[in-house]
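Below: one structure, written as structure tokens.
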Protein chains: 2
Amino acid sequence: MAELVFVGLGLADDRDLSERSLERLRSCGRIFSEAYTSVLAPGSLDRLGRSVGRRIELLTRTEVESERILLEALGSTDRVGFVVAGDPFAATTHVALRLAAERAGHRWSYLPSASIVSAAPGFLGLQQYRFGRIVSLPFPEPGFAPASPLRSIAQNRSRDLHTLVLLDLRPDERRFMSAAEALARLVEPVASGESPAVPADLAVAVAARVGTESAQGWYGTCAELLGRDFGPPLHCVVVPAPTLHFEEEAALASFRIRRPAPGR
Amino acid sequence: MAELVFVGLGLADDRDLSERSLERLRSCGRIFSEAYTSVLAPGSLDRLGRSVGRRIELLTRTEVESERILLEALGSTDRVGFVVAGDPFAATTHVALRLAAERAGHRWSYLPSASIVSAAPGFLGLQQYRFGRIVSLPFPEPGFAPASPLRSIAQNRSRDLHTLVLLDLRPDERRFMSAAEALARLVEPVASGESPAVPADLAVAVAARVGTESAQGWYGTCAELLGRDFGPPLHCVVVPAPTLHFEEEAALASFRIRRPAPGR
């Protein structure tokens with residue numbers, strides 16, 4: 001019986017690792033990671049490997065999902081580390097991996113870290129308990145542009161709740177949905193004849209690179225934000241509730257973009 | 001113009017601090033903390049002060065909310081640290097402090113850390129995007145036992161969403177609401193004549209000490225869990241959605257408490 005240690009790596013780079021996680025990783029016979037559910041600054045895993053004193057073995061999605069390599073490692077060493085940017089269990093495939101390890105008779109442990117789910121509301125100064133269901137916006141595919149994320153935003157707003165909109169990413173293709181792409185989706189009608197989930201004159205917030213030194217926020221109407229360049233990924237969007245607490249309003253005001261002077 | 005650095009300290013103790021946060025705190029002329037919105041293992045702040053090489057000054061709620069001490073510190077040094085267990089902006093008073101610093105012409109920065117908001121779902125293996133609005137259960141006071149948390153649970157369930165129930169704490173009085181106390185509240189009728197928010201035969205999850213080495217979870221009906229001792233704080237409760245994804249079901253099953261043998 002071995003132990004599979006799930007370690008959250010934070011939102012920016014290898015320096016987000018806690019002392020506790022570093023110590024625990026040093027006690028692991030092998031350490032794996034993946035780069036398809038989230039992504040850190042380039043070189044983070046190499047530097048982390050040097051800090052730990054052990055090479056981090058990068059697995060593909062197929063390798064993680066097949067579970068074979070990880071289960072074999074658990075069969076041959078007492079403790080195996082699995083390091084994931086953000087929260088290790090935000091991705092359901094990693095819960096599946098933990099269940100597979102349990103079924104094979106192994107233990108697991110969990111070292112949580114910063115997650116965009118709490119850090120984006122914190123950065124924008126919005127109250128965590130006023131958020132409704134989180135929404136993930138996938139890249140549209142031919143024949144696949146689900147309306148459910150848009151309907152969830154509308155449902156949250158009807159209950160006077162904010163919505164955190166997480167944006168799709170395909171790190172292996174260096175494809176990261178920008179907030180501008182996301183906003184363009186949100187202001188489109190969900191279906192022909194329906195009104196859009198988010199009216200173009202609704203003020204929304206964009207947060208980019210939260211948890212890194214270049215974290216930045218914007219607050220303005222969709223129409224004002226649509227054509228904007230928000231810089232390098234990762235981006236997310238928050239569609240606020242219809243009513244704001246006065247401190248939320250003040251916090252968002254500090255991110256208010258300057259409107260172009262009228263008539264000029 | 002100085003900088004107020006908000007640093008999240010994680011969920012267990014001083015060893016949860018990241019290398020990035022440690023470096024940033026070392027560059028602060030003064031460092032403050034508070035112990036009323038959350039709490040770490042005893043001695044954590046002393047040890048943290050030794051790692052940083054500077055005493056951490058503990059402020060009372062009144063001192064934080066008056067903002068005077070922190071604004072004075074910003075007036076006399078280039079960078080001031082404010083260290084908070086969990087996420088620094090989960091508490092609205094800390095957003096108010098950040099706004100006060102901005103109004104006084106100062107900058108702020110934010111180093112997020114693990115928060116119970118993402119770590120409890122992760123620990124229990126529940127999908128983050130299937131959670132509705134978070135609920136905080138306050139200690140009942142004479143004439144103050146709000147029904148709104150209980151109604152939010154019912155609303156989330158009606159949308160097939162999980163609810164994370166955070167429990168009140170008063171660290172200065174060494175008072176922490178236990179999951180057993182919380183469950184007793186949940187199975188009571190919201191108002192006379194109404195049905196309870198959570199039927200006693202509904203299976204719910206309890207998570208205790210998430211993020212620490214003694215993290216533990218339970219899954220069972222309220223009736224089964226009600227009299228149980230969940231060990232030292234902090235506890236939280238998750239009321240699951242009416243339907244579970246098969247992996248969520250498998251994850252919760254691993255926390256299933258053993259029922260007493262029937263008829264014995």
Side-chain angles (χ1 to χ4, degrees), chain A residues 6 8 10-23 51 86-90 92 95-96 98-99 102 109-119 121-136 155-156 159 161 166 210-211 213 215 245 247-248 250-251 254, chain B residues 6 8 10-23 51 86-90 92 95-96 98-99 102 109-119 121-136 155-156 159 161 166 210-211 213 215 245 247-248 250-251 254:
Chain A
F6 291 88
L11 298 169
D13 60 38
D14 52 297
R15 289 186 304 138
D16 285 328
L17 202 73
S18 69
E19 196 189 318
R20 176 192 309 280
S21 296
L22 194 61
E23 272 172 30
S51 306
D87 184 82
F89 295 128
T92 53
V95 175
R98 154 179 147 185
L99 293 169
E102 274 185 344
S109 60
Y110 169 42
L111 292 155
S113 183
S115 164
I116 192 66
V117 165
S118 55
F123 178 74
L124 293 169
L126 296 173
Q127 296 174 8
Q128 191 79 59
Y129 69 87
R130 293 205 56 213
F131 277 76
R133 175 179 201 159
I134 295 168
V135 158
S136 284
Q155 281 188 353
N156 284 339
R159 290 179 63 200
L161 298 175
L166 300 177
V210 171
E213 253 112 83
H245 185 269
E247 253 156 22
E248 292 182 318
S254 72
Chain B
F6 291 88
L11 297 169
D13 60 37
D14 52 297
R15 289 186 305 139
D16 285 326
L17 203 73
S18 69
E19 197 189 317
R20 176 192 309 280
S21 295
L22 194 61
E23 273 172 30
S51 305
D87 183 82
F89 295 128
T92 53
V95 175
R98 155 180 146 183
L99 293 169
E102 273 185 344
S109 59
Y110 169 40
L111 292 155
S113 184
S115 164
I116 192 66
V117 165
S118 55
F123 178 74
L124 293 169
L126 296 172
Q127 294 175 10
Q128 191 79 60
Y129 69 87
R130 292 206 55 214
F131 277 77
R133 176 179 200 158
I134 295 167
V135 158
S136 284
Q155 281 188 354
N156 283 339
R159 290 179 63 201
L161 298 175
L166 300 177
V210 171
E213 253 113 84
H245 185 268
E247 254 156 21
E248 293 183 317
S254 72

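Every chain is numbered from 1, with letters handed out A, B, ... down the list of sequences.
In terms of heavy atoms, A/A12 sits closest to B/R20 at CB-NH2, 3.1 Å. The two residues B/G125 and A/R98 have their closest heavy-atom pair at N-NH2, 3.4 Å. Listed here is the closest heavy atom pair of B/E102 and A/S254: OE1-CB, 3.4 Å. Shown here for B/A96 and A/E247, the closest heavy-atom pair between the two residues is CB-OE2, 3.1 Å.
If you measure heavy-atom distances from B/L11 to chain A, the contacts under 4.5 Å come from the side chain alone. With a 4.5 angstrom heavy-atom cutoff, B/E248 does not touch chain A via any of its atoms. For B/A251, the parts sitting under 4.5 Å from any heavy atom of chain A are the backbone and the side chain alike. Residue contact with chain A, scored on non-hydrogen atoms closer than 4.5 Å, is absent for B/A215.
Atom CD of B/E19 sits about 11.0 Å away from atom OG of A/S18, to the nearest 0.5 Å. Between A/R133 atom CZ and B/Q128 atom CD the span is 12.0 Å, to the nearest 0.5 Å. Remark: B/I134 CD1 to A/Q127 CD distance equals 11.5 Å, nearest 0.5 Å. Distance check: A/S113 OG to B/D16 CG gives 9.0 Å after rounding to the nearest 0.5 Å. Expressed to the nearest 0.5 Å, how far OG of B/S118 lies from CD1 of A/I116 amounts to 10.5 Å. Put simply, CG on B/L17 and CG on A/L17 are 11.5 Å apart, with the number rounded to the nearest 0.5 Å.
A search for side-chain hydrogen bond (donor to acceptor under 3.5 Å, both in side chains) contacts involving A/N156 returns A/T163, B/R159, not counting sequence neighbours. Every side chain to side chain contact (heavy atoms under 4.5 Å, CB included) that A/Y110 has, sequence neighbours left out, goes to A/D87, A/P88, A/F89, A/W108, A/P112, B/A119, B/F123.
Each of B/V95, B/L22, B/V135 has some count of heavy-atom pairs under 4.5 Å with chain A, and the biggest count is that of B/V95. Of all the listed residues (B/L166, B/V210, B/D13), the one sharing the greatest number of non-hydrogen pairs under 4.5 Å with chain A is B/D13.
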